[in-house]
Each structure stands twice: as structure tokens, then as C-alpha cells.
Asks: 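I'd like to ask some things about the structure below.
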Amino acid sequence: MLEWLNNNSGALSAIASFCTLAVWLFYAQLLYLGFARQRRPRILINRGRSKSPDGMCLISNMSSEAIFVTNVLGVLHTSQGEYTCDLTDYTRSDDSREESGEERATRQGPLASGGYHQVCSFREIIDHIAEGHNLDIDRSTLTLDGEMLRMLEIRLIAIYGSENRPLGAYRCFMLEKTDLDPNVKNQDCLIVPTSFDTYRVSRRWHQKRIRQWLESLPGSR
């Protein structure tokens, strides 16, 4: 056995060096993945308080660093097309009573890690889009010419940390007509997210898509 080890010491040394390199590469990969996970922006767009259109649209920053919110957009998808409005400086109907401070007059600005913005209710977002595009929407039933609206999309554009390009996030919510939920009284429809999580738009090749979001705003051209 000893003679075999002596005769093959070179090959064994090479195999041991290769195994050591593989272990170091494995731990380096774990360190890199942990670092990348901490640096990756994490933004959540969700509903709160209620599943009805009167529930609040919430934007939360779950990143390890603060983000600077530049734009919040609402997109209403209907059978007649898509309608976009800017929610960044939209003032809720109850702002004068609950959030009259100047810092609450806009969603633009830094959002600390773990912080959140209450944009407004989903019903108010739909009302704001309808008003901006002169849509004849029944506010009580959220119907357009007798047809239920299809989907509401919330988009966010922000700057994260030291990144030199903007990032985007979006999530879609279906407007489902139902009367089967006992927890919602006098409901006209339910706000149901179409995905479990918020989609992130942060890659370099996504910049064109973010520019298209901004260009879709009324008066942007």
C-alpha cells in the first residue's frame, strides 16, 4: 500500500489540489449568491385592509437598502384598450383628514428598507384613470358600458442604491365579479392578484420597457 502511494503520489496530489479548488469554488459561489441576494432590489406591490376595491394599494420596500421612488403608474386594461395614469402625486380623498403633511402629498422620494407607501384604494385608482381618460365607468359596480373591467396593473419606477439605471416593478390585479365571499359585505367585485409575487424589471435590457412606461403617460410627448 505504501509503495503504491509513493508511486502515485503525483496523481494523488493533483486530485487533492483539484478537490480543494472545488471546495473553495463552492464556498465562493455561496458567498457570491448571498451578496447578490442582499444587493438585489426587492419591492412588493400588494393589497391591504380589504379584498374589495376599497382595499388599499400598498408598495413596500423589502430591499436591504433604501430606494428612491420616481413614478407610480396605474394601468387599466379593458376590452377597449389600455389606459394609463400617473399616481405619483395623486392625493387621496382622505388625505386632508389623515395625511395632510406635505411629505404625504407625493409618493416620489426615498423609501427606507422595510418601509411602505399607501398609494390609495383600488377604487380611487380606477376613478382617477377614468377621469383622466373620460371613461364612463359606474363607480358603484366598476363596469364600463355594462362590461366588467378586466384588470388593473400597478407599475413602479425607482432608483436603488448606487445603481446608475432605474428599476421597475409591476403587479396585476383581476377585478372578479363574485358574491361568494362572506368576509366582504356589499361587494361589487374582488381585487385578486394574478401572480403570487411582484415582477421585477431591473436588467439592462429592460430599460427600453421602462422608457415605454413613461412614454405611455398622458402629456409625456
Side-chain angles (χ1 to χ4, degrees), residues 29 31-49 55-77 82-92 95 98-122 124-126 128-129 132-133 151-173 191 193-221:
Q29 179 73 4
L31 291 174
Y32 172 77
L33 291 176
F35 174 77
R37 188 179 299 108
Q38 292 180 352
R39 291 289 303 168
R40 186 181 301 123
R42 176 74 166 148
I43 300 172
L44 300 180
I45 301 174
N46 207 355
R47 65 184 180 188
R49 296 186 182 178
M56 299 301 298
C57 176
L58 304 177
I59 295 176
S60 304
N61 177 26
M62 305 307 295
S63 311
S64 60
E65 298 182 22
I67 62 173
F68 187 92
V69 178
T70 61
N71 294 89
V72 181
L73 293 73
V75 183
L76 188 62
H77 298 260
E82 299 179 4
Y83 302 91
T84 306
C85 74
D86 192 350
L87 304 173
T88 309
D89 300 320
Y90 175 64
T91 302
R92 301 205 319 263
D95 278 350
E98 296 182 2
E99 297 180 350
S100 58
E102 183 177 347
E103 69 278 4
R104 296 298 185 180
T106 180
R107 275 91 217 165
Q108 187 179 84
L111 183 59
S113 176
Y116 70 95
H117 279 326
Q118 287 190 149
V119 180
C120 56
S121 72
F122 289 94
E124 288 173 316
I125 294 175
I126 296 173
H128 186 49
I129 298 175
H133 292 276
M151 186 169 60
L152 178 63
E153 180 181 353
I154 306 299
R155 298 171 178 173
L156 175 76
I157 302 176
I159 301 295
Y160 176 65
S162 58
E163 295 291 333
N164 56 4
R165 60 179 183 269
L167 65 94
Y170 69 96
R171 195 178 187 189
C172 298
F173 299 85
I191 301 296
T194 60
S195 60
F196 179 76
D197 202 357
T198 302
Y199 292 103
R200 185 175 65 252
V201 184
S202 59
R203 302 296 184 183
R204 188 178 302 275
W205 54 85
H206 289 151
Q207 297 308 298
K208 181 179 179 180
R209 185 175 187 180
I210 295 177
R211 288 195 300 269
Q212 290 174 343
W213 286 0
L214 293 174
E215 292 173 356
S216 67
L217 291 174
S220 60
R221 299 180 180 179

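What's counted below: heavy atoms across the whole structure, side chains too, no hydrogens, waters or symmetry copies.
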Asks: Return the CZ to SG distance between R155 and C172, rounded to the nearest 0.5 Å.
Replies: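 Taking CZ in R155 and SG in C172, the distance rounds to 8.0 Å.
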Asks: Taking only residues two or more places apart in sequence or in another chain, which ones pass side-chain hydrogen bond (donor to acceptor under 3.5 Å, both in side chains) with R200?
Replies: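 Partners of R200 under the side-chain hydrogen bond (donor to acceptor under 3.5 Å, both in side chains) test: S202.
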Asks: Please identify each residue that fulfils side-chain hydrogen bond (donor to acceptor under 3.5 Å, both in side chains) with T198, with sequence neighbours left out.
Replies: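 By the side-chain hydrogen bond (donor to acceptor under 3.5 Å, both in side chains) rule, T198 matches no residue at all.
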Asks: Do you know the tightest heavy-atom contact between L87 and L73?
Replies: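 Closest pair (atom of L87, atom of L73, distance): CD1-C, 4.0 Å.
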Asks: In Å, rounded to the nearest 0.5 Å, how long is the span from CG of L152 to CZ of F173?
Replies: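 Answer rounded to 0.5 Å: 7.5 Å.
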Asks: Nearest 0.5 Å, please: how far is CZ in R165 from CZ in R203?
Replies: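 The CZ atom of R203 sits 8.5 Å away from the CZ atom of R165.
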Asks: If I take atom CD from residue E82 and atom CE from residue M151, how far apart are they, to the nearest 0.5 angstrom?
Replies: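 Here the interatomic distance stands at 7.5 Å.
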Asks: Hey, is the main chain of I157 close enough, under 3.5 Å, to the side chain of T70 for a donor-acceptor pair?
Replies: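 It does hold such a pair.
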Asks: Could you check if a side-chain atom of L111 sits within less than 4.5 angstrom of a side-chain atom of I43, using non-hydrogen atoms only?
Replies: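 They are not in contact (no side-chain heavy atoms under 4.5 Å apart), so the answer is no.
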Asks: Looking at every non-hydrogen atom in both residues, tell me the closest pair between D86 and H128 and how far apart they are.
Replies: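 Closest approach of D86 to H128, heavy atoms only: O-NE2, 3.5 Å.
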Asks: Does the side chain of S113 come within less than 4.5 Å of E65's, by heavy atoms?
Replies: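 Side chain of E65 against side chain of S113, heavy atoms only: no contact under 4.5 Å found.
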Asks: Within the 4.5 Å heavy-atom criterion, are V201 and I210 side-chain neighbours or not?
Replies: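 They are in contact (side-chain heavy atoms under 4.5 Å apart), so the answer is yes.
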Asks: For a quick test of reading the model, state the closest non-hydrogen atom pair linking S60 to Y116 and the distance between them.
Replies: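 What the structure gives for the nearest pair is OG-CB, 3.6 Å.
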Asks: Quick one: does T84's side chain have a donor or acceptor within less than 3.5 Å of a partner on V75's backbone?
Replies: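 Such a contact is absent between T84 side chain and V75 backbone.
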Asks: With no hydrogens and no angle check, is any side-chain donor or acceptor of Q207 less than 3.5 Å from a backbone partner on P166?
Replies: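 Checked: pair present.
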Asks: Considering non-hydrogen atoms only, spot the tightest contact between I59 and I45 and give its length.
Replies: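 Heavy-atom minimum between the residues: CG1-CG1, 4.4 Å.
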Asks: If you define the side chain from C-beta out and look only at heavy atoms, does anything of W213 sit under 4.5 Å from N71?
Replies: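 Result no, sub-4.5 Å side-chain heavy-atom pair not found.
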Asks: Would the distance check show the side chain of R171 and the main-chain N or O of T194 forming a donor-acceptor pair, the cut-off being under 3.5 Å?
Replies: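 Flag not set: sc R171 to bb T194 has no pair under 3.5 Å.
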Asks: Not counting sequence neighbours, which residues clear side-chain hydrogen bond (donor to acceptor under 3.5 Å, both in side chains) with R47? List them please.
Replies: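 By the side-chain hydrogen bond (donor to acceptor under 3.5 Å, both in side chains) rule, R47 matches no residue at all.
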Asks: Which pair of heavy atoms, one from F122 and one from M56, lies closest together, and at what distance?
Replies: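 Scanning both residues, the minimum pair turns out to be CE1-O, 3.6 Å.
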Asks: Near Y199 OH, under 6.0 Å, is it more than 12 heavy atoms from other residues, nucleotides or ligands?
Replies: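 At most 12 heavy atoms, drawn from other residues, nucleotides or ligands, come within 6.0 Å of this atom.
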Asks: For the residue pair C85 and I129, what are the closest heavy atoms and their distance?
Replies: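 Looking at all heavy atoms of both residues, the closest pair is SG-CG1, 3.1 Å.
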